[in-house]
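Structure, as C-alpha cells:
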Amino acid sequence: MVSPPHEAMHRIFQHDPGLFSRVSRFLGVDIPTPVKATALPTDLTEANPVERRVDTLLRLETADQGPYLLAVEAQGKKHPDKPASWAYYTAYLWTKYRLPTALLVVCQDHATAKWAQQPVSCGPPQLPTLTVQPLVAGPHNMPVITDPEEARADLVLASLAAITHAAEPDVDAILKALSTALRDAPEDVAKPLVEFTAQGLAKRPAKNLWRNLVAVDLSFYKSYLAEEVRDEVRAAVRDEVRNEVRDEVRDEVRDEVRDEVRDEVRDEARAESRAEDILLILEQRGLGISEDVRSRITHCTDPELLRHWLARAVTVPKAEEVFEDA
C-alpha cells in the first residue's frame with residue numbers, strides 16, 4: 001500500500017511543476033523555469049511485460065531550452081531493484097517521447113538519499129553502457145526554512161522542506177514558520193499545502209505539532225487532518241460504545257442466566273428436601289438404610305422419581321424396595 005509520505009513527496013511537484021526549477025539550485029544544477037507544464041500518464045507498461053509506473057511524470061517547457069520530461073520518484077528506503085527500474089523509466093520515456101528526461105528522487109532520510117544518488121551502470125566496469133544517476137532531494141540538501149518570511153516567499157518549497165526534514169530535529173521550526181506563512185495565504189493555496197505537509201509527516205511526532213499549529217493558525221482547514229482526527233475519534237468512540245454495549249449485553253445475559261440458575265437451584269433444593277423426607281420416613285419406620293440406598297436417594301435430581309419413592313417409603317417393608325416399579 002502506498003504511504004502518505006510517498007504520495008506527498010511526488011504529488012507536490014504535480015501541484016506546482018515550477019517547484020523543480022526552484023529546487024534545482026539546491027541540487028547543484030541550473031534548471032530554467034518552465035513556461036508551461038503538462039502532467040503525463042504515469043503508466044510505463046509496454047504491451048506484454050510487467051506493469052511499471054513512475055510516481056509523477058511532467059512535461060515541462062522552457063523559453064530557451066525547449067521541452068523536457070521530469071520523472072519524480074518518492075523513495076522511502078533503499079531497494080536494490082530501484083536503479084534498474086529508474087533506468088527503464090528514463091530509457092522508455094526518452095524512446096517514447098523523444099525528449100530529454102530528468103529523474104528526481106525525493107527522500108526523507110540521509111541514508112536513502114546517499115544511496116539513491118550513487119551512479120549505477122548496467123554494463124561491466126569497463127563498458128558502462130548506461131549509467132543512472134538521478135538528482136536527489138532530501139534532508140541533506142533541501143533548505144531548512146525557519147523564517148516565516150522566507151516560507152511566505154515560496155510556500156510550496158517550504159512544504160517540501162518540511163516533508164524532506166520530517167524526521168530531522170529542525171522540522172518543528174520549519175512547521176512553525178510554514179503555519180505562520182500560511183495564515184495569510186488564500187484558502188485555495190493553503191489547503192493543499194496543509195494536506196501535503198500532513199501526509200509527508202505521516203505518523204512521526206511532528207504530525208501532532210502540525211495538527212496543533214493548523215488548528216490555531218488555520219481554523220478554516222477541514223480536509224485531511226480533520227478527517228484523520230475524525231477517524232481516530234471515531235475509532236476511540238467505537239471502542240467506548242462497544243464496551244458500553246458489551247456491558248449492557250452482559251447485564252442482560254446475567255439477568256437471564258440468573259433466572260435460569262435460580263430455577264435450577266430451586267429444583268435442586270426441592271430434590272434435596274424430598275430426598276431428606278424419604279430418608280426420614282424410612283428411619284422413622286425403623287428400616288435399615290444401606291449406603292447404596294442412601295447414595296441413590298441423595299444423588300437423584302428427578303423430582304417425579306423422588307415423589308414416587310416418597311410415596312413408596314411409607315409402605316415398603318424394606319428400604320431397598322422403595323426403588324421397585326420406578
Crowding at CZ, Arg285 (>12 non-hydrogen neighbours, <6.0 Å):
yes
Notebook entry, point to check: Hey, is Lys318 close enough to Glu321 for a salt bridge, meaning N to O under 4.0 Å?
Noted result: no
- Item | pair Leu104-Leu70: side-chain heavy atoms closer than 4.5 Å | yes
same_hphob_cluster(Leu27, Leu60) at 4.5 Å side-chain heavy-atom cutoff: yes
**Message:** side chain to side chain contact (heavy atoms under 4.5 Å, CB included), that's the test. Do Ile31 and Val23 meet it? Break it down for me.
**Reply:** CA-CA 9 Å; Ile31 303 296; Val23 166; over 6 Å; no
Q. Are Val214 and Ile174 linked, directly or through other ILVMFWY residues, by side chains that come within less than 4.5 angstrom of each other?
A. no
Worksheet item: Checking side chain to side chain contact (heavy atoms under 4.5 Å, CB included) for the pair Leu40/Leu58: CA distance, chi angles, key distance, verdict?
Response: CA-CA 6 Å; Leu40 299 177; Leu58 301 171; over 6 Å; no
Output for pair (Arg211 CZ, Leu213 CG), nearest 0.5 Å, gives 12.5 Å
Would you call Leu103 and Glu73 a side-chain contact if the rule is heavy atoms closer than 4.5 Å?
-> yes
(Q) Check the orientation of His110 and His140. Use parallel for under 30°, tilted for 30 to 60°, and perpendicular for over 60°. (A) perpendicular
Closest non-hydrogen contact found for Ala185 with Val189 is CB-CG1, 4.3 Å
- Message: Is the shortest side-chain heavy-atom distance between Trp115 and Lys82 below 4.5 Å?
- Response: yes
Query raised in the report: Are any of the side-chain nitrogens in Asp30 or Arg25 under 4.0 Å away from the carboxylate oxygens of its partner?
Result: no
Side chain proximity check, Asp267 to Thr301, heavy atoms < 4.5 angstrom: no
| task | Output, in order, the C-alpha distance, side-chain angles, deciding distance and verdict of side chain to side chain contact (heavy atoms under 4.5 Å, CB included) for Gln118 and Lys114. | result | CA-CA 7 Å; Gln118 297 300 314; Lys114 182 178 180 180; 4.2 Å; yes
Between His10 and Glu7, the two heavy atoms sitting closest are NE2-OE2, 3.2 Å
task: For the residue pair Tyr92 and Tyr88, categorise the inter-ring angle as parallel (less than 30°), tilted (30 to 60°) or perpendicular (more than 60°).
output: parallel
All heavy atoms of His165 vs all of Pro143, minimum pair found to be CE1-O, 3.5 Å
The reported gap from CD1 in Ile145 to CG in Asp170 (rounded to nearest 0.5 angstrom) is 12.0 Å
Where the side chain of Ser273 meets the backbone of Arg270, is there a donor-acceptor pair that is under 3.5 Å apart? no
Is Arg59 salt-bridged to Glu61, cutoff N-O under 4.0 Å? yes
Validation: residues 287-295 side-chain donor-acceptor distances under 3.5 Å, sequence neighbours left out:
residue, atom, partner, partner atom, Å
Ser290, OG, Val293, N, 3.3
Ser295, OG, His299, ND1, 3.3

Take Asp16 and Arg22 through the salt bridge (Lys or Arg N to Asp or Glu O under 4.0 Å) test and state the conclusion after the steps.
CA-CA 11 Å; Asp16 182 0; Arg22 307 198 299 278; 2.6 Å; yes
CG (Asp109) and CD (Gln75) are apart, to the nearest 0.5 Å, by 9.5 Å
Taking every heavy atom of Val35 against every heavy atom of Thr62, the minimum-distance pair comes out as CG2-C, 4.1 Å
- prompt: Should Val316 and Val314 be counted in the same cluster of Ile, Leu, Val, Met, Phe, Trp and Tyr side chains packed under 4.5 Å apart?
  reply: yes
| Between Trp94 and Leu130, is there a shared hydrophobic cluster once you connect ILVMFWY residues whose side-chain heavy atoms come closer than 4.5 Å? | no
Classify the ring geometry of Tyr68 against Phe20: parallel below 30°, tilted from 30° to 60°, perpendicular beyond 60°.
tilted
- [ ] Mark yes or no for whether Lys207, through its side chain, and Leu201, through its backbone, hold a donor-acceptor pair below 3.5 Å.
- [x] no
- prompt: Are any non-hydrogen side-chain atoms of Asn243 and Arg246 less than 4.5 angstrom apart?
  reply: yes
Leu160 side chain reached by Phe196 side chain, heavy atoms, under 4.5 Å | no
The reported gap from CD in Glu252 to CG in Asp255 (rounded to nearest 0.5 angstrom) is 8.0 Å
- Are Thr131 and Ser121 linked by a side-chain donor-acceptor pair shorter than 3.5 Å? yes
- Arg274/Asp277 salt bridge by N-O under 4.0 Å criterion: no
Problem set entry | Step-by-step side chain to side chain contact (heavy atoms under 4.5 Å, CB included) determination, Arg296 to Trp309 | CA-CA 11 Å; Arg296 185 173 177 182; Trp309 290 349; 4.1 Å; yes
When you check the side-chain N and O atoms of Gln108 and Thr164, is any donor under 3.5 Å from an acceptor?
no
Could Arg11 and Asp55 be called an ion pair, given the rule that one side-chain N must be under 4.0 Å from one carboxylate O? no
Is it true that Trp86 and Leu99 fall in one hydrophobic cluster, defined by side-chain heavy atoms closer than 4.5 Å? yes
When rounded to the nearest 0.5 Å, the distance separating CD1 of Ile163 from CG of Leu178 is 9.5 Å
Item to complete: Check whether any side-chain heavy atom of Tyr89 lies under 4.5 Å from a side-chain heavy atom of Leu57, and answer yes or no.
Response: no
When rounded to the nearest 0.5 Å, the distance separating SG of Cys300 from CD of Glu272 is 12.0 Å
Q.
With a 4.5 Å cut-off on side-chain heavy atoms, are Leu182 and Arg152 touching?
A. no
message: Please check if the number of heavy atoms outside Arg238 that lie under 6.0 Å from its CZ is greater than 12.
response: no
Minimal heavy-atom distance between Ile12 and Ser159, with the atoms involved, is CD1-OG, 3.7 Å
For Thr95 and Arg98 the tightest heavy-atom approach is O-NE, 3.4 Å
